[in-house]
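First the structure, in the form of structure tokens, and then the observations on it.
Numbering starts at 1 and runs along the sequence shown.
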Amino acid sequence: MARHLALVYGALNYLVFLVVFLYAVGFVGNLVVPRSVDCGPTTPVGAAFVIDVALLGLFAVQHSVMARPAFKQRLTRAVPQYLERSTYVLASNVVLALLFWQWRPIPAIVWDVTTPAVRLVVWGLFWLGWLIALVSTFLISHVDLFGLRQVYLAWRAQPYTDVGFRARSLYRVVRHPLMLGFVIAFWAAPTMTVGHLLFAVATTGYILIATQLEERDLIAALGDRYQQYRRQVPMLVPGAFRRTAPRRTGPTPGARTQ
């Protein structure tokens, strides 16, 4: 019975994640959704800034603290290990839903692209960023990243094994294509407001810090294997230094600590 409930728990959290992900696209792009980065309750600028920073800070703390190995060890004392990733997904869903719900727009315009052709290019970058982020999850095992593989194996009464990975495709270009996709999507705004700029700056700053923490954990876990990968592939900026394509097979570099 417990194994069946675990499978349902993991599947439901994943389905909610899909809704949250789609809402995030609409939130950042001001598309379809009722509340977005530029559409929501009217609040004085000072109060809006404080609320938005607090929401972004809450997301950053939850996302990074729960990704650390020490926290995972403590969490698995309370829940089975095969539910750890699904629980992380659940917490992320809750925090993001709160951010979308309580976000306060700051509508002053920083820039507004009026040339139709250039505006179309910016929209193209927006969609490209989300596509890169989504494809990156499949390159590192989408079902493992979101906890589905763990609960499925538990349901089948099979032991969990780490997902092997060859640094391929986008992971030969940058070590963190998932994060690169988010950065592109967050900054590719034909009309950039102060509120959107705050969101983009804060999330980019978080990504720069979080990737450093993640790589520290990966070096501790993988040692020379990851050090070699770091020397061969830049972190976020394609072509930041000359490299040779990595050939070593092993656990996913940069894949699972976030």
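- Phe21 and Leu12 sit in two unconnected hydrophobic clusters of ILVMFWY residues. Membership requires side-chain heavy atoms under 4.5 Å apart, directly or through other members.
- Rounding to the nearest 0.5 angstrom, the gap separating the CG atom in Leu55 from the CG atom in Leu96 is 10.5 Å.
- When all heavy atoms of Tyr171 and Val233 are compared, the pair lying nearest together is O-CG1, 3.9 Å.
- At least one donor-acceptor pair under 3.5 Å links the side chain of Thr211 to the backbone N or O of Leu208.
- Heavy atoms only, all atoms of each residue included: Leu75 and Glu84 are closest at CD2-CG, 3.9 Å.
- Looking at Tyr226 and Arg230, their side chains never bring a donor and an acceptor atom within 3.5 Å of each other.
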Q: For His4 and Tyr9, run ring pair (Phe, Tyr, Trp, His ring centres under 6.0 Å): C-alpha distance rounded to whole Å, both residues' side-chain angles, the deciding distance at 0.1 Å, then the answer.
A: CA-CA 9 Å; His4 290 81; Tyr9 176 77; over 10 Å; no
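- When the shell of 6.0 Å around CD of Gln227 is examined, it contains more than 12 heavy atoms from other residues, nucleotides or ligands.
- No continuous path of hydrophobic side-chain contacts links Val28 to Ile109 [ILVMFWY only; heavy atoms under 4.5 Å].
- Tested against Ile106, the residues Asp52, Thr193, Thr43 include a single side-chain contact (heavy atoms from CB on, under 4.5 Å) partner, Asp52.
- Using the six-membered ring where Trp is involved, Tyr206 and Phe59 have ring planes that are perpendicular, over 60° apart on the 30 and 60° scheme.
- In this structure, the side chain of Asp38 does not engage the main chain of Pro107 through any donor-acceptor pair within 3.5 Å.
- Counting all heavy atoms, side chain and backbone alike, Ala188 lies closest to Phe126 at CB-N, 3.5 Å.
- The nearest pair of heavy atoms linking Trp130 to Ala185 is NE1-CB, 3.5 Å.
- The OH atom of Tyr160 lies 8.5 Å from the CG atom of Leu153; values are rounded to the nearest 0.5 Å.
- In summary, Lys72 and Asp217 do not engage in a salt bridge, as defined by a charged side-chain N under 4.0 Å from a carboxylate O.
- Summarising the local packing, CH2 of Trp123 is surrounded by more than 12 heavy atoms from other residues, nucleotides or ligands at distances under 6.0 Å.
- Contact annotation: the side chain of Leu213 approaches that of Arg216 to within less than 4.5 Å [non-hydrogen atoms, C-beta and beyond].
- With rounding to the nearest 0.5 Å, the separation of CZ in Phe27 from CH2 in Trp103 is 5.5 Å.
- No hydrogens or angles considered: a donor-acceptor pair under 3.5 Å links the side chains of Gln62 and Ser92.
- Side-chain contact between Leu31 and Ser36 is absent, with no heavy-atom pair separated by less than 4.5 Å.
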